[in-house]
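One structure is given here, and the rest of the page talks about it.
Excluded from the calculations below are hydrogen atoms, water molecules and symmetry mates; all remaining heavy atoms, backbone and side chain alike, are included. Letters A, B, ... mirror the listed sequences (proteins, then strands); counts begin at 1. Small disclaimer: the values here were computed from a predicted structure and weren't measured.
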2 protein chains.
Amino acid sequence: MTAAVPFPRPADFFDLRLKNRVSVLIMGRPKQFDPDTAVEQAMEVFWRKGYAGTTPQDLVDALGIGKGSLYNAFGSKHALFEQALRRYRDSQAVILLEMLEEPGPVKARLRKALEFLAELDLAAPDRRGCLAVNVAAELARTDETAAELVRRMFDRTEDAFRALIEEGQRTGEISPGRDPVALGSLLLNTAMGLRLMARIAEGSDRLVRVIDATVDSL
Amino acid sequence: MTAAVPFPRPADFFDLRLKNRVSVLIMGRPKQFDPDTAVEQAMEVFWRKGYAGTTPQDLVDALGIGKGSLYNAFGSKHALFEQALRRYRDSQAVILLEMLEEPGPVKARLRKALEFLAELDLAAPDRRGCLAVNVAAELARTDETAAELVRRMFDRTEDAFRALIEEGQRTGEISPGRDPVALGSLLLNTAMGLRLMARIAEGSDRLVRVIDATVDSL
DNA sequence: CCAGTTCTTGAACTGTAGGTACAAAATGTG
DNA sequence: CACATTTTGTACCTACAGTTCAAGAACTGG
């Protein structure tokens, strides 16, 4: 939960201090837009159109600000993308983690979480899927910064699944003979596979079958 | 096996007849390059760089022909991409299908096939992963033609997994109580998930765990 | 109200994406 | 060899990606 919003890294922290001091001591014309909102909107655009598929014009249109403001505030398309990806991690990727931590029987919780993902993805505008999955497929080998961010998100999710399995083994719901680490990896793989499948699925049938078979396998 | 190279569709067939008649009756200068090889090379480029990430210049460089020849022969970037995707289906996507049809115990065959995928993906240049997976993530909602091709590839693979499960149930390797259709979907999901994970994996550890847990779950 | 600073707007700029047009060269046919 | 037809490389084109910049607007402290 608290890990969802990680402690600012040194650079961020310095920026923040600097920004605050400046806003008190010097101050120029204030921003006409909220940078946080802008990052959020940029995230939506990258999510729907991909990195290469997003143009500065798309961003300008979505954010409702001028190109100058955009580059003044964020520096470059890639820098904005990086911020958007971090925002995704902090606002979206944690949703699954939180669902897995709710109380109740382990298998039911797992099923509910997977069904939630499937419904979310099938209902989402443009069937955008999961930004982390999309970035993994699009940029993995050409953008090490993005790849590392996605890797960390996957690591965290894998870990949450492992913890869930271990809990199930303690409560007796899941056979203690099975390797919780391996099952954690498997569930991560299954969940991300689901989100990929959701991008081209015609209906929910296949996704439902995957979820059924997964829960059945535990 | 024979399905690997499908019978020419009407349009292809007509083109072929026309081309042959022309080559007998009129005939001009023959192509200096082999279109099949060119499509193969284009496939490699799209595979490594994605659709949006591939420029006409990239294609010209990789194919070693002029832009004029490129557009004369293939019409547009997108048309060439479509041919490249079909080529992928016929030359690459079938490899997994063939592996699943080999003789031997079902579980061992499944393990071998998944391990083969993982090794292939980890060793591949630029860790390009699976073109179908990449296209699903990049283009699903913006290119219906490509989406349909990927859908069909996924359908075929899912079917091969289902057949494998049914065979395992006949030989007693797999419990007859389990739904082979659902397990087919699950294995498709797992395999495509693996190929996605391979794009950002740091080592083979996670992939090995996924494979172990998958085979264990049957 | 002026200095100093930061933000905004919009034009401008460079390079390239994606594709077309064309003339010259190459080739099989008779 | 002339002919019809095709390929090919080059030049060219329009649009836009991605970014920069100049001019001015808004704010604060003095």
Donor-acceptor pair between T55(A) and D58(A) side chains, under 3.5 angstrom: yes
Side chain of Y71(B) - closest among dT8(D), dT20(C), dA17(C): dT20(C)
Sugar-phosphate only, base, or nothing, as touched by F74(A) at under 4.0 Å among non-hydrogen atoms: nothing
Between dT16(C) (C1') and K49(B) (NZ): distance, integer Å: 13 Å
Distance, rounded to the nearest Å, where L63(A) contributes CG and dT9(C) contributes P: 12 Å
Listed nucleotide nearest any side-chain atom of K67(A), set dC7(C), dT19(D), dT8(D): dT19(D)
Closest nucleotide among dT19(D), dT8(C), dG9(D) to the K77(A) side chain: dT19(D)
Out of dT7(D), dA17(C), dT9(C), whichever nucleotide has its closest atom nearest the side chain of Q57(B): dA17(C)
Listed nucleotide nearest any side-chain atom of T55(B), set dG18(C), dG18(D), dT9(C): dG18(C)
Distance in angstrom units between L70(A) CG and dT9(C) C1', rounded: 13 Å
Separation of dT16(C) P from L59(B) CG (nearest whole Å): 16 Å
Closest-nucleotide ordering on DNA chain C, the 5'-leading residue of G66(A) and P56(B): G66(A)
E44(A) with R48(A): basic N within carboxylate O range, under 4.0 Å: no
Length of the CG-P vector between D61(A) and dT9(C), whole Å: 13 Å
side-chain N/O S76(B) vs dG18(C) OP1/OP2, d < 4.0 Å: no
S185(B) side chain to E158(B) side chain, donor-acceptor N/O pair below 3.5 angstrom: yes
Under 3.5 Å donor-acceptor, R128(A) side chain and W47(A) backbone: no
Length of the CG-C1' vector between N72(A) and dT5(C), whole Å: 12 Å
Position toward the 5' end of DNA chain D (nearest nucleotide), Y51(A) or I65(B): I65(B)
F81(B) CZ - dA17(C) P separation (whole Å): 18 Å
Distance in angstrom units between D58(B) CG and dT16(C) P, rounded: 12 Å
Touch class at under 4.0 angstrom, heavy-atom based, for G68(A) against every strand present: base
Mutual orientation of the aromatic rings belonging to Y51(B) and F46(B) [parallel < 30°, tilted 30-60°, perpendicular > 60°]: parallel
